[in-house]
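A quick write-up on the structure given underneath.
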Number of protein chains: 2
Amino acid sequence: MSKESTAPSDGGTPTGTKARRVRADAQRSTDALLEAAKTVFATSGVDAPVREIAETAGVGVGTVYRNFPKRSDLIAGVFRREVDACVAEAAELSAAHPPCDALSRWLHRYTEFIATKKGLATALHSGDPAFSTLPDYFRENFEPALARLLEGAAEAGDICGDVDPYDLLRAIGNLSVASGDDGAAHLRRMVDLLIKGLRFGAPGAGGRDTGRNTV
Amino acid sequence: MSKESTAPSDGGTPTGTKARRVRADAQRSTDALLEAAKTVFATSGVDAPVREIAETAGVGVGTVYRNFPKRSDLIAGVFRREVDACVAEAAELSAAHPPCDALSRWLHRYTEFIATKKGLATALHSGDPAFSTLPDYFRENFEPALARLLEGAAEAGDICGDVDPYDLLRAIGNLSVASGDDGAAHLRRMVDLLIKGLRFGAPGAGGRDTGRNTV
DNA sequence: ATTCAAAACGGAACAGCGATCCGTATTAAA
DNA sequence: TTTAATACGGATCGCTGTTCCGTTTTGAAT
């Protein structure tokens, strides 16, 4: 999403420059490609043929290269798109559920993000400069999102309020890589345990905790 | 060298089975390919086109695939061949030079081996099962070779005799990866320093050292 | 509504690659 | 010397990344 935000009918404040608007078909192609790449990467890995991605997106290969000249651009694009999607859900869940419930649901949603990220892991650590900004993008978006959820739950008195959001994000990430056979189920149990731990120090539960909660 | 040892005129003990002898042209092809692959890998990396390797070796691509069905086989073959060559030089140097001199020369020769190994490093850690035996092969060959050199120098009274060969091998390996701009020159100085350190505790030098020499 | 130029599209085409296959040449034993 | 086994070479196939350009779409101007 390096080009523009999501809204297509983005009338927006007309700035002084007479820049031609982004053409609708271009926007469609970019979106379709990111969506298709996400799917194809998940099934065939990040080295999947360009043609397969183009076909899945319903565009020609030329369009792929015009929007994403290098493969790493496409990978980075998918990564950012998934970060955005996961972060956006934080607000949605927050609006639709009680604070602590929203927190719990989102943390499990976050584990899904981490799971899909696995295929990209090796590519991410390949030293390609196209990926250099991704770690920052990751933190700058996830940390505030989780911080708000934690804040909400803490204000409602459901959890104790002294957990570092980034600590928690990293902890879940680490749990994911170490999961064995029934990874998904095991991970779910572990995350549930973390949430229970958060509840423990809550004022409403009358628990006594010893200072900062190290996850 | 998974097939046979080096000697072409290897009459060897005729076992009961009437196995046809290894054809000379096949042996030539295998040798030429390993030699060519070593060269090509050094210039074009381990992902170099098969055709380039075949051409350098003066054989057809079919011959490449017959001798090394998978690329990893070729890489592993080159690795073992270089280990063998480096180990063999230990004995040669030992025969041609005074013990401590031989040790010094060989350690510098070993740094060359490590340097050429750099390109293979990523491939080696790729999880390909074809590489799983290489670490053992490395240690099982290098450790005794260096042990003999150290032993000889110690018996001659040139160095103190309590250095773990494997420690020393690893130390030089670690020095190599950390070398910066003028890597080669820096590495040479550092290895010289190590050798000087070995000499320090020698009986002939009258030095007093404090127990085991940790490199 | 119509016009029009800029922008984007699609996919044919090119080049490079891994891998296979089989007619030919080489080799070692009889 | 003969001969069957073995190895060789390179044409060939299918798949890939990448480019290029004629065609189509789009948004603004009329």
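By convention in this document, chain letters (A, B, ...) are assigned in the order of the sequence lines, proteins followed by strands, and residues within each chain are numbered from 1.
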Atom-to-atom span, CG of A/Asp25 to P of C/dA8 - whole angstrom: 8 Å
Between D/dA7 and B/Thr63, is there an OP1 or OP2 to side-chain N/O distance shorter than 4.0 Å? no
Is the distance from the ring center of A/Phe113 to that of A/Phe142 below 6.0 Å? yes
5' priority, DNA chain C, between A/Gly60 and B/Ala24 [closest heavy atom]: A/Gly60
Residues B/Ala76 and B/Ala130: closest non-hydrogen pair is CB-O, 4.1 Å
CZ of A/Arg66 versus C1' of D/dT24: gap in Å, rounded? 12 Å
Does atom CZ of A/Arg188 have more than 12 heavy-atom neighbours, drawn from other residues, nucleotides or ligands, at distances under 6.0 Å? no
How about B/Phe41 and B/Thr116: do any of their side-chain heavy atoms sit closer than 4.5 Å? no
D/dC8 OP1/OP2 closer than 4.0 Å to side-chain N/O of B/Ser29: yes
N/O contacts under 3.5 Å, protein versus nucleotides 4-7 of chain C?
{"residue": "C/dA7", "atom": "N3", "partner": "A/Arg23", "partner atom": "NH1", "Å": "2.6"}

State which residue, out of A/Leu168, A/Leu107, A/Leu103, fulfils the side chain to side chain contact (heavy atoms under 4.5 Å, CB included) condition with A/Ile195. A/Leu107
Roughly, in whole Å, what's the span from CZ in B/Arg21 to P in D/dA4? 21 Å
If I take atom CZ in residue B/Phe68 and atom C1' in nucleotide D/dA7, what distance separates them, rounded to the nearest angstrom? 14 Å
Taking DNA chain D as the partner, which of residues 47-54 of chain A come within under 4.0 angstrom of it by heavy atom? A/Ala48, A/Pro49, A/Val50, A/Arg51
Just N and O in the side chain of A/Arg28: are any of them under 4.0 Å from OP1 or OP2 of D/dT26? yes
Take atom CD of B/Glu55 and atom P of D/dG9, then tell me their distance rounded to the nearest Å. 13 Å
note: B/Gln27, atom CD; C/dA28, atom P; distance rounded to Å ~ 11 Å
Interatomic distance, A/Arg71 CZ vs D/dG17 C1' [rounded to whole Å]: 9 Å
Closest non-hydrogen atom pair, B/Tyr110 against B/Cys86: CA-SG, 4.1 Å
For D/dA7 and B/Asn67 - does any side-chain N or O of the residue sit under 4.0 Å from the phosphate oxygens OP1/OP2? no
Salt-bridge contact B/Asp101-B/Arg105 (side-chain N to carboxylate O under 4.0 Å): yes
Is a side-chain donor-acceptor pair under 3.5 Å present for B/Asp84 with B/Tyr137? yes
Given C/dG18, D/dC8, D/dG10, which nucleotide is nearest the side-chain atoms of B/Tyr65? C/dG18
Taking B/Leu33 as the fixed residue, which of B/Val78, B/Ile53, B/Thr56 is the one that meets the side chain to side chain contact (heavy atoms under 4.5 Å, CB included) rule? B/Ile53
